Participant: 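Sending over a structure as structure tokens; questions will come in a sec.
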Amino acid sequence: MMRDRGFVLAEMQKRLHRDTDQLFVKLLVGQWLAASVLALVVAPALLVVAFVGGGLVNLVPLYLVRTRSGAPVTRHAIAVVQMLWCTMLIAITQNRVETQFHVFGSLAFLAFYRDWKVLSTATLVRICTLSRFAWWPASTTGPRLEFWQFFEAAAWVTFIAVTMAVLCFRGLRELKAAAARQARLERTAMIIERKVTERTTELQESSERYRALIENTEAVTFEYDVVAGRMLYIAPQASRMLDCTLEQLEDHQLLADSIYPDDRDRVLATVNEMVNGTRSWSDPIDCRLIGRRGRIVHVRTFLNARGGSRRIRAIVLDITRQRKLESELQQAQKLESVGRLAAGVAHEINTPIQFIGDSVQFMAQSIDDVMMVVGKQQVLLGAIRAGLPASEVAAAAALVQQASEDADLAYLMEQAPKAAERALDGVERVGTIVRSMKVFAHPDSAEMEPVDINTAVKSTLTIARNEYRYVANLDTELGDVPPLTCFVGEINQVILNVVINAAHAIADIHAETGTRGKITVKTSATDDYVEIAIKDTGGGIPEHVRDRIYDPFFTTKDVGKGSGQGLSIARTVIVDKHHGELTFETTTGVGTTFFIRLPIAAGAQKKAAA
Amino acid sequence: MSDELKKKRILFVDDDPSLLAGLQNVLHRDRKRWDMTFALGGEAALEELGANSFDVVVSDMRMPVIDGAAVLAIVKRRAPHTRRVMLSGSDCESVAGDVDELLVKPCSAVTLRATLERLLGKPRDNEP
């Protein structure tokens with residue numbers, strides 16, 4: 001509650017009045033005892049008056065102090081009785097001049113009330129008692145006062161009273177100032193207190209709001225002290241993500257221990273690089289977490305070091321669903337590219353089937369023809385063995401000759417082996433294409449497996465052959481590349497997407513100028529990664545779309561030629577799933593080279609350990 | 001010599017030498033009635049077309065540089081009487097320009113021969 005200046009002043013005055021009341025209680029009782037003893041010693045005639053009368057008179061103010069302490073009537077009663085005590089003491093001491101000073105002392109005491117009215121009452125009472133000496137001396141024990149003596153005494157008393165009243169006013173002014181100060185102080189204190197309360201409430205509300213925000217989303221935030229190895233905070237919904245109890249969340253290492261074993265080294269190495277400042281904090285970290293019940297969750301984690309370099313703050317998002325959708329989308333894109341390739345692959349297979357059929361047909365005919373010749377030869381042989389006449393032998397020989405010529409035996413003997421070879425070659429060609437299709441359409445396994453990248457590249461180029469062979473020559477420079485642990489089906493898809501883009505880029509130029517282009521596919525390896533470089537002599541990527549080529553559904557191709565997912569999926573596969581790099585160099589009018597860099601598993605582990 | 005003159009002239013065009021060799025083998029027994037020429041690719045075909053006239057041209061569709069549609073279009077322009085056969089790699093390809101016959105690989109020798117006989121047997125400017 002707010003108190004104004006007047007209220008504070010009233011409060012202060014009341015306290016002052018009560019304190020002064022108490023002072024006078026002691027004074028009145030003291031005067032009563034002192035007067036009684038004094039009377040006993042110097043004026044026994046007045047003992048009864050002093051002891052009994054004084055005591056009775058005292059009862060009035062004492063009663064009022066008890067019941068109405070601080071009230072005006074009380075202090076006025078005190079003033080009256082105090083003045084009566086002056087008269088009593090003056091009487092007991094037979095009007096000693098010195099005792100007159102008691103009046104002045106009493107007035108001074110009464111000034112403690114800081115109330116000029118009390119002083120007026122006292123002055124009035126004193127003047128009244130003095131007046132008896134002038135007009136009714138019989139009622140007094142002292143000498144009669146002359147008028148001028150009376151006036152002088154009254155004037156002195158009045159003078160002292162007025163002086164005291166002035167002092168009272170001054171005191172009151174000080175009191176008022178003090179009250180104003182006090183009220184201001186109290187008001188300020190109250191305002192501060194109210195503000196503190198408001199701020200505290202706001203703070204609590206905002207804290208609650210943030211807590212609600214943090215804890216009612218699926219994202220898990222945490223704060224981790226790297227140096228102390230302590231989890232300072234982890235949002236409770238982590239228990240849902242990791243299928244664990246809230247108590248288990250108190251384990252400081254729970255999150256780190258939940259990283260899928262294959263991902264752990266890489267994640268910890270990445271975090272170390274961030275803490276050491278060799279990697280930007282803005283890179284999200286993708287990994288798998290394995291829950292307490294073995295459920296695998298794909299998560300993307302954004303870290304920041306706003307809490308200082310020793311404190312990591314992070315937000316962990318569950319992207320399992322997104323991963324699943326991506327995987328479905330990728331599968332769809334794969335089917336799309338397989339569908340688009342179907343015509344080309346059919347052509348690739350139908351051509352060898354055609355000449356295999358023709359060659360085998362030719363061989364079958366040849367066998368018939370040769371049989372015919374052989375039959376005639378056997379007749380000739382029989383005629384010779386039977387010792388038939390020369391004319392008949394000659395006739396049989398002529399039939400052999402005729403059959404050989406009809407069959408074009410020389411041609412058959414020259415061509416049949418070639419036809420057989422060609423048929424076998426055709427079978428091999430069909431086999432290669434079918435095997436490539438099988439490698440390309442490799443069912444996506446959940447785990448990476450070691451594969452020879454050169455085989456993957458060759459297979460993919462085989463099935464993509466029909467996409468480029470009419471517009472471009474292919475040049476492969478397959479280097480010595482170690483086995484690479486990867487999802488081979490996905491890598492094949494990436495290579496296919498990039499090669500088809502290369503073929504389309506060249507086809508555009510070819511359509512305009514008629515010149516054949518060239519696609520160069522090169523594989524190489526360093527200690528850390530395997531690189532597949534796919535270079536084309538197409539028109540290059542226009543500058544204004546370079547930033548967007550990896551955007552999903554972004555395409556510059558005509559409707560039906562591409563859905564705009566090829567490079568988006570390539571990036572997901574290479575960067576997100578294999579933690580490799582997908583970059584390109586392009587020059588308008590000269591061509592584009594895409595570089596696919598895949599970390600070699602052993603190298604990556606070595607790096608992580610270092 | 002009159003026999004030679006009566007022989008029908010057929011040009012086969014494909015960009016795959018094995019396919020041409022297979023056709024040549026299987027049609028070898030028709031050598032006495034047909035004079036067959038095999039051109040490897042569209043450019044070789046155009047050379048042959050410049051040097052000789054043919055009764056039928058059989059061409060593959062998809063070939064580098066000059067494709068089957070282009071070859072047959074040129075044939076149609078230069079020699080409207082020449083029969084044109086497309087021997088296509090897959091039936092889903094749309095064939096540019098009109099042709100007398102569309103054959104789809106793989107096409108058996110029997111079918112090919114019957115098609116050629118039908119086209120050549122149709123009286124146009126020669127004898128029954």
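Just so you know, these numbers come straight off a predicted model, no measurement behind them. Computation of the quantities below employed the complete heavy-atom set of this structure, encompassing side-chain atoms and omitting hydrogens, waters and symmetry-equivalent molecules. Naming convention: chains lettered A, B, ... in sequence-line order (proteins, then strands); numbering from 1 in each chain.
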Participant: So do B/R62 and A/N466 actually touch side chain to side chain, heavy atoms under 4.5 Å?
Facilitator: yes

Participant: Please round to the nearest 0.5 Å and tell me the distance separating atom CD of A/E421 and atom OG of B/S18.
Facilitator: 9.5 Å

Participant: Salt bridge or not between A/D408 and B/R29? Use side-chain N to carboxylate O under 4.0 Å.
Facilitator: no

Participant: Are any of the side-chain heavy atoms of A/R516 and B/P64 separated by less than 4.5 Å?
Facilitator: yes

Participant: So for A/R422, is it side chain, backbone, both, or neither that comes closer than 4.5 Å to the heavy atoms of chain B?
Facilitator: side chain

Participant: I'd like to know which of A/Q361, A/Q365, A/Q415 tops the heavy-atom pair count under 4.5 Å against chain B.
Facilitator: A/Q365

Participant: Which answer fits B/V110, side chain, backbone, both or neither, if we ask what part of it has an atom under 4.5 Å from a heavy atom of chain A?
Facilitator: neither

Participant: Quick check: does any side chain N or O of A/Q354 sit under 3.5 Å from a backbone N or O of B/C107, one acting as donor and the other as acceptor?
Facilitator: yes

Participant: Taking all heavy atoms of B/A109 and all of A/D358, pick out the closest pair and write down the distance.
Facilitator: N-OD1, 4.4 Å

Participant: I need the B/H28 NE2 to A/D369 CG distance, nearest 0.5 Å.
Facilitator: 9.0 Å

Participant: I'd like to check B/D67 versus A/Y470 (side-chain heavy atoms, cut-off strictly below 4.5 Å). Are they in contact?
Facilitator: no

Participant: For the residue pair A/Y411 / B/N25, report whether a side-chain donor-acceptor contact shorter than 3.5 Å exists.
Facilitator: yes

Participant: Pick whichever of B/L19, B/L112, B/D60, B/L87 has the most heavy-atom pairs under 4.5 Å with chain A.
Facilitator: B/L19

Participant: Drop me the distance from B/D14's CG to A/F355's CZ, to the nearest 0.5 angstrom.
Facilitator: 10.0 Å

Participant: Passes side-chain contact (heavy atoms from CB on, under 4.5 Å), A/H510 versus B/V65? Steps please.
Facilitator: CA-CA 9 Å; A/H510 182 260; B/V65 190; 5.7 Å; no

Participant: Work out which heavy atom in A/S359 is nearest to a heavy atom in B/G22; give both atom names and the distance.
Facilitator: OG-CA, 4.1 Å

